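Quick caveat: nothing in here was measured; it's all calculated off a predicted structure. Quick note on labels: first sequence line is chain A, next is B, and so on, each numbered from 1.
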Amino acid sequence: MVYDFKSIESKWQNYWSKNKTFKTEMDQSKPKYYVLDMFPYPSGSGLHVGHPLGYIASDIISRFKRKKGFNVLHPMGFDSFGLPAEQYAIKTGKHPKLTTDINIERFKKQLNKLGLSYDWDREIKTSDSSYYKWTQWIFLKLYNSFFDVNENKAKDISQLEIPNGLNENEKMQFIDSKRLAYLDNIHVNWCEELGTVLSNEEVIGGLSERGGHPVVRRPMRQWVMRITAYAERLLDDLKTLDWPESIKLSQKNWIGKSEGAKIRFVIDKNAFVDVFTTRPDTIFGATYLVLAPENDLSIKLTTKKNKSIVDDYITKSSQKSDLERQENVKDKTGVFTGSYAINPISKEKIPIWIADYVLSGYGTGAVMAVPGHDERDYEFAKKFNLKIISVIHHKNEGECYTGNGKIINSGKFNGLDNQKFKKIVCDKLRELKLGEKTINYKLRDWIFTRQRYWGEPIPIMFDGKIKIPVSESALPLELPEVESFKPASDGSSPLARNKSWKNVLLNGKKYERETNTMPQWAGSCWYFLRFLDPRNSKSFAEKNKIDYWMPVDVYIGGAEHAVLHLLYARFWHKVLYDLGHVSGPEPFKKLVNQGMILGNSAFIHRIKNTNTYISYDLIDEYDVQKINVDIDLLTNNNELNIETLKNSDIKFKNAEYMFNEKFIVLREVEKMSKSKFNVVSPDKICDKYGADTLRMYEMFLGPLEQSKPWNMDGITGVHNFLKKFWNLFHDESGFNVLDTKPNENSLKILHKTIKKVNSDIESFSFNTCVSAFMICVNELSSLNEKSSLVLRNLCLLMSPFAPHICEEIWSKFGKSDSISNQDFPIHNESFLIEDKFEYPISFNGKLRFKMIFKLDCEYSDIEKELSHNEKVSSYLNGKKIKKIIFVKNKIINIVF
RNA sequence: GCUCGGGUGGUGGAAUUGGUAGACACGUUGGACUUAAAAUCCAAUGAACAGUAAUGUUCGUGCGGGUUCAAGUCCCGCCCCGAGUACCA
């Protein structure tokens, strides 16, 4: 009987969706298990083979945990606000909602083809107003909260103690300055091309994370989230999480805690410069100060004589993009302000400079430069001929030294250990009221506004400068229609052009709405909570449901979200926790990163400045340019069919082609992407081999966390294995399983497999599970095992991996219930004990022979055995045996 | 530059955490079935050397040292690849 995967898979997919097999309800009698995938952005190119890797893994865990008696929540939704749909809308004029909905339908169809056990009744979309109502609600919670530094937690703004003697306006300003969501005029990352501001996390190497467009610094009025208040807690609680160390480390680095001192350098009665340093021990080596160009003091402290050069420098550096700044790291620039300040410890008068190697956003935006012990200061001092003093002893005099040692050139402190001296300096500064020990973080507040259309409107109105939050009952604040989705070059949002929406008349009073929208990350900060109670219109989720389901037990997704999404989501969750809306401080207990599946791109080569394409084996003699071609046009591995290429695009139609016999292309591994024409869709593979084969193959490819290029070479092996598995239960005439007593060896191999699969699933080692199944099936077929006892258990064991084929077989055992509701088999240790074992013994690597021992044999038995053997006795090769080494009941070696 | 991962057959990858390295799969080769091909099944397959053969010996986990009866695994010093990060004072 043939394994007809097509009809089997559609049959069971229909069955599951019709019977809502995976619908989940709260059930206090069972332990819960929450398995979450990072929900996808529904892009226009649909699913590629990389997406399912994580989804299949989470599905295996879900199905496995259900069988283990857990009440498993396994939902799916869509992160449907975002730039690509909007960029597409700008190009075509089509509303992002339309394209997003079409894309979502396509995604769902593709996901269902894989046999994933989602509870689709819980589906959510972040762009639905019934969803973003609550995103806006949480925004207002942040707006109406402050961070209580003493209690180290967020509280409602009404509990904020307001200092006495403030007038109404000052009071308002004071409150606004404490809110967790606040408005600020700050230097932001402005991306001209995208027409929007980006968060620090969204800028990579001076270019936008999406699209790779240049980004410049520019001051703008923005909504900002006070994530810095949570820096210490975000860092501390990492310890409690079962996450990959690498991800924890990148979050730790991103938060960037450093301990040091804040030091005040006085200029005169009215002016001073505060700096942050991690090296207060080098205070005697501080020979000048440096301010960031954006620092307000820069202009203030500049003398008349130096004004024109300083102004010039500040303007120039503001025009530089982050990328340009980074390019010139080696070549430092700067100007002298003309002012001097007093070193609070050495009392020396030192010059104040301005340079763009000092960042305005970190610390106080000013540093004390110690050229003797900091490489950047050293370079700067060399270039501008500033004084360099060594204050820590080291061998290479005159060079920069960043290590530890004995203090020198520091007056009465000479000879001290520099680490000890740190404390002394801090104490001294405290005494002088000119500084103290401080902790600084790299983490900056999160810029929360985007000048874009396709996002959540911010529920705030303005009465002049006074901010009025939209009342809860008026939520959701619906995203209005606009004439054009284009961002304006002046930095205003497309929403600002819809005047009837922007201007509000309330109780006879005029207000203006905030017209910026929230960033892409807003919706994904809390979606895992909405899954618990997705249709609730009274609250974002009922409290008892949150108490039951949270935290997420396993969260599976790509490592690219290591700092962005995961940090923001943790931050929001902590705020909700402080305000009493959720029951724990952390949302994701365990995190698993699946690796990326890479595409195997194909390139053809064009001779530069011609219209001639040339085969890869001939390029040596020409100056050529690499061009991606669609991998679907390849005939076999590296060969291209010119005719199909010509028909694929006009630009290839009339070109010339140079080749010998075959046209060879270059293959290279790259990220899978539509623009690189290297996307492999799972649909084709499902059609040819079936979803079960695809599922097992993706797991078989290698460790889940590892990135690997997609290749189809091994898929027939997995497909053949499934056929073999099918044939265990069937012969030519049909289903054929007997109620006979199982073969002893079959029981052994079965229980070995059960044991291995159980522990391997728990440790997410799915590739070795698949191998274990292959070994088991191979052995059972060579034993010609037909016993229903063994086969039924094997079927159960494999059902999380290949659910369709297993359901089909299970149904033939005459059981009425779905295999999904069956318990997972448990291994019996007694079948695993080997009563005899054979082991080769080696003597110094010279002599080898095989001996058979019983498991419980004693040393004397072995001695007896040895003396029976003519060649071997307790003396071997003339040497006396000292000891025989056992490890776990095995003889490992014999020592003379 | 810094920080984290990795280097195992022709290929993807196993190895109970110090105990027979190369499981499982792909590929290759040979064989069976077939007029033929595909599909399927069986066998061999780390390298070198010896032997008609069964088999045996030596070498083998990026390179060089070390610890140990025993090292892919632990320690020291290098080389290479990948990822993240980047003037964070």
With syn defined as a glycosidic angle within 90 degrees of 0 and anti as anything else, the base of B:U17 is syn
A:Lys752/A:Glu779 ion pair, N-O < 4.0 Å:
no
Here the distance between atom P of B:A89 and atom CD1 of A:Ile283, to the nearest Å, is 16 Å
With heavy atoms under 4.0 Å as the rule, sort A:Asn778 into base, sugar-phosphate or nothing.
-> sugar-phosphate
Re B:G46: Watson-Crick or G-U wobble partner, both distances kept under 3.5 Å, found to be B:C59
query = Under 30°, 30 to 60°, or over 60°: which ring-plane class applies to A:Phe766 and A:Phe801, parallel, tilted or perpendicular?
reply = perpendicular
Paired to B:G19 by Watson-Crick or G-U wobble criteria (both distances under 3.5 Å) is B:C69
Taken to the nearest whole Å, CD/A:Glu245 to C1'/B:G84 is 15 Å
Taking the same atom, C1', in B:A53 and in B:U34, what whole-Å distance lies between them? 33 Å
Quick one: label A:Gln706 by what it contacts on the DNA or RNA (base, sugar-phosphate, nothing), any heavy atom closer than 4.0 Å. sugar-phosphate
Applying the 3.5 Å cut-off to both distances, the Watson-Crick or G-U partner of B:G9 turns out to be none
| said: Using a heavy-atom cut-off of 4.0 Å across all strands, would you classify A:Ile775 as base, sugar-phosphate, or nothing? | reply: sugar-phosphate
Atom pairs, protein N/O to nucleotides 39-43 of chain B N/O, distance under 3.5 Å:
residue: B:U40; atom: OP1; partner: A:Asn720; partner atom: OD1; Å: 2.9
residue: B:U40; atom: OP1; partner: A:Asn720; partner atom: ND2; Å: 3.4

Checking N1-N3 plus N6-O4 or O6-N4 for Watson-Crick, or N1-O2 and O6-N3 for wobble, each under 3.5 Å, the partner of B:C41 is B:G31
Only residue of A:Phe5, A:Tyr697, A:Trp726 satisfying ring-ring contact (aromatic ring centres under 6.0 Å, His included) with A:His719 is A:Phe5
In Watson-Crick or G-U wobble terms, with both distances under 3.5 Å, the base opposite B:U85 is B:G1
